[in-house]
Each structure stands twice: as structure tokens, then as C-alpha cells.
> 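There's a structure below that I have some questions on.
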Amino acid sequence: MTTPSVDAHVRLDTHPTHSSAVTATLSGTQAHIPHVGLEAADWHVAANNVLVLARIDHEEPYWAEKAARQLTADGISVEITPELRVAINEEWTWANYPMSWYTRTEIRGVSDEAQKIYDDIRHGRLLIHAHAQDGHTTVAVATYLDTGKSVTSTAKTIYGRSPTPSSHPPRP
């Protein structure tokens with residue numbers, strides 16, 4: 001069965017001033033449909049029918065492509081600019097990455113968990129009670145305000161950018 005077409009168009013492009021961020025410009029009589037989906041995927045409203053994806057791990061092109069695939073599957077027309085396509089297809093390695101045994105997919109998983117923690121703090125869902133230095137690692141204790149669940153986390157850097165949750169111990 002073919003997905004019915006939605007009268008909405010999404011143009012994904014690189015952000016003009018933030019090197020890794022991605023913009024989504026929406027048009028069409030049903031532009032609210034992709035708008036809701038993109039906001040649910042942590043894109044943020046920048047202007048009327050313009051959303052921005054900015055992440056602490058600088059993996060915006062990867063997540064933009066995932067969003068494009070989902071929007072297309074939902075029957076929404078998506079255009080990816082040539083500049084963003086180059087960023088999506090760019091191969092990368094993180095020099096001096098502290099967990100070199102992880103695959104690219106695993107690194108993205110760790111980074112995505114770190115992004116969720118960052119977003120929870122930024123949106124006021126996760127309250128940090130205390131943090132302390134434990135050798136070369138910063139340890140934090142926090143509580144999710146909606147559930148009361150307490151968590152601990154260590155903040156190590158991935159190529160100097162994003163924290164790594166303590167739920168990912170090194171492999172033997």
C-alpha cells in the first residue's frame with residue numbers, strides 16, 4: 001500500500017552560521033505535520049516554519065538524514081541541499097577517542113544518550129544535585145523531576161565535546 005501524499009515540503013540545509021547545525025524550512029498547506037514530527041525529534045523552532053537541529057555531538061547531518069527518511073516514509077516531500085548531502089556522506093573518525101573499541105554506530109548511540117541527558121537538563125526535567133571530581137572523571141547525581149528517579153552519570157569527553165553516560169562500561 002502506498003503512503004498517501006501530504007501537502008508539505010521540507011527543505012533540509014546546513015545552517016548559515018553554525019557549522020554542523022541543520023535547518024528545516026517547511027512549506028505547504030499541511031506544514032504543521034512535519035513540524036510536529038521534527039519537534040518531537042528534538043528540532044527547535046527558529047522562526048515561522050523554520051526549525052533547527054543543533055546537537056552537542058555535532059552529528060546533525062546524520063540525524064537530519066534519519067529525519068528525512070522518516071518524513072519521506074510518512075508521505076512528505078523532502079529536499080536535501082547539495083551542501084548538506086556532502087556533510088551527510090562525509091566519513092569521519094574521532095582522533096584520540098577514549099573508547100576506540102566502539103564502532104561508529106556505538107559511538108552514535110553513546111552520543112545520543114549524552115544528548116538526551118543534556119536536553120533533559122536544559123529543559124528542566126533532570127535536576128543535578130551534586131557533582132564531584134573523581135580523579136579524571138566528573139561524577140554527577142541527579143533526579144528526574146517527573147518520575148523522582150535518581151541517576152548517577154560520569155562526564156567524560158568524546159573528542160572534547162559530549163559526556164558519556166556511565167551505563168557504557170568498557171568492553172573486556
Side-chain angles (χ1 to χ4, degrees), residues 3 10-15 18-26 33-44 46 51-123 125-126 128 131 134-140 142 144 147 149-172:
T3 304
V10 178
R11 182 177 189 269
L12 299 175
D13 197 357
T14 56
H15 191 279
H18 186 289
S19 63
S20 63
V22 174
T23 61
T25 305
L26 314 179
I33 295 172
H35 188 281
V36 169
L38 289 170
E39 272 198 284
D42 295 322
W43 291 65
H44 301 281
L51 291 95
V52 173
L53 179 63
R55 295 176 51 93
I56 61 173
D57 60 8
H58 300 274
E59 284 286 335
E60 295 92 336
Y62 169 79
W63 294 102
E65 183 180 42
K66 282 190 76 160
R69 280 189 257 124
Q70 182 60 53
L71 292 167
T72 300
D74 293 341
I76 297 165
S77 169
V78 177
E79 170 192 359
I80 298 176
T81 65
E83 295 82 10
L84 180 55
R85 180 60 60 197
V86 166
I88 288 169
N89 293 330
E90 184 177 61
E91 284 298 320
W92 57 261
T93 57
W94 285 354
N96 302 317
Y97 181 70
M99 296 184 296
S100 59
W101 54 88
Y102 275 17
T103 67
R104 186 174 180 170
T105 300
E106 290 170 322
I107 292 169
R108 282 197 174 116
V110 170
S111 294
D112 194 41
E113 286 187 34
Q115 181 70 40
K116 289 174 184 171
I117 291 169
Y118 172 82
D119 289 340
D120 287 344
I121 294 167
R122 189 169 63 105
H123 294 298
R125 291 186 292 264
L126 183 62
I128 304 295
H131 67 277
D134 179 19
H136 296 291
T137 302
T138 301
V139 179
Y144 279 94
T147 66
K149 178 183 175 189
S150 290
V151 295
T152 59
S153 178
T154 61
K156 294 181 181 179
T157 59
I158 300 173
Y159 197 58
R161 293 194 187 119
S162 59
T164 303
S166 60
S167 62
H168 289 278
R171 291 187 201 162

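In what follows, residues are counted from 1 in the order of the sequence shown.
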> Would you name the heavy atoms of Leu71 and Pro34 that are closest together and state the gap between them?
CD2-CB, 3.8 Å
> Could you measure the distance from the CG atom of Asp42 to the CG atom of Leu51? Nearest 0.5 Å is fine.
11.5 Å
> State the CD-CZ distance between Gln115 and Arg108, to the nearest 0.5 angstrom.
13.5 Å
> What I'd like to find out is whether the side chain of His15 reaches to under 4.5 Å of the side chain of Glu60, using heavy atoms alone.
no
> Do Leu126 and Val151 have side chains that get closer than 4.5 Å, going by heavy atoms?
yes
> Would you compute the distance between atom CD of Glu59 and atom CG of Leu53 and round it to the nearest 0.5 angstrom?
10.5 Å
> Which heavy-atom pair separates Ile56 from Ala114 by the least distance, and what is that distance?
CD1-O, 3.9 Å
> Over all heavy atoms of both residues, which pair between Ala21 and Ala54 is shortest? Give the atoms and the distance, please.
CB-CB, 4.3 Å
> The criterion is side chain to side chain contact (heavy atoms under 4.5 Å, CB included); which residues satisfy it with Thr147, sequence neighbours excluded?
Tyr144, Lys149
> Verify side chain to side chain contact (heavy atoms under 4.5 Å, CB included) between Trp43 and Val22, making sure each step is shown before the conclusion.
CA-CA 9 Å; Trp43 291 65; Val22 174; 3.6 Å; yes
> Any side-chain heavy-atom pair from Leu26 and Leu38 closer than 4.5 angstrom?
yes
> Quick one: list whatever passes side chain to side chain contact (heavy atoms under 4.5 Å, CB included) with His44, sequence neighbours left out.
Arg122, His123
> Quick one: closest heavy-atom pair of Ile80 and Arg85, and the distance?
CD1-NH2, 2.9 Å
> Between Arg55 and Asp112, does at least one N-O distance fall below 4.0 Å, as a salt bridge requires?
yes
> Please identify each residue that fulfils side chain to side chain contact (heavy atoms under 4.5 Å, CB included) with Thr81, with sequence neighbours left out.
Arg11, Asp13, Glu83, Leu84
